[in-house]
Amino acid sequence: MTDTDAHAAGQRAERDRIVAYLAFHEASARAKADQAESDDSRVYQSTIANAMKAMGEAIAGDFHWKAPL
């Protein structure tokens, strides 16, 4: 493996780690939205979840700015 290949593999591993972190927090926010007792709380948690999803997709390289969230 060349230095360039090792660097690319390291970057991919780091992106995968960050995407997993964001997915965890997306799921947590969605669960909180499902359990919310007020509409304001539900909207807030859903907004957080959608942001985590968008960031994860952007980092993974699957995001397109025209895609529906």
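What you are looking at is a predicted structure, and each value in this text was computed from that prediction instead of being measured.
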(request) Check whether the side chains of Asn50 and Thr47 place a donor and an acceptor atom closer than 3.5 Å, and report yes or no. (result) no

(request) If a pair satisfies ring-ring contact (aromatic ring centres under 6.0 Å, His included) and one of its residues is in residues 24-58, list it, with sequence neighbours excluded. (result) Tyr21-His25

(message) Could you measure the distance from the CD1 atom of Ile48 to the NZ atom of Lys53? Nearest 0.5 Å is fine.
(response) 15.5 Å

(request) Write out all pairs satisfying salt bridge (charged side-chain N to carboxylate O under 4.0 Å, His left out) with one or both partners inside residues 25-35, taking only residues at least two apart or from two chains. (result) Glu26-Arg30

(message) When you measure from the side chain of Ser46 to the backbone of Arg42, do you find a donor-acceptor pair of N or O atoms at a distance under 3.5 Å?
(response) yes

(request) Would you give the length of the straight line joining atom CD of Gln45 to atom OG of Ser38, rounded to the nearest 0.5 angstrom? (result) 10.0 Å

For residues 7-18, dump all side-chain donor-acceptor pairs below 3.5 Å to protein atoms at least two apart in sequence or in another chain.
residue	atom	partner	partner atom	Å
His7	NE2	Gln11	NE2	3.2
Arg12	NH1	Asp16	OD1	3.3
Glu14	OE1	Arg17	NE	3.2
Glu14	OE2	Arg17	NH2	2.6

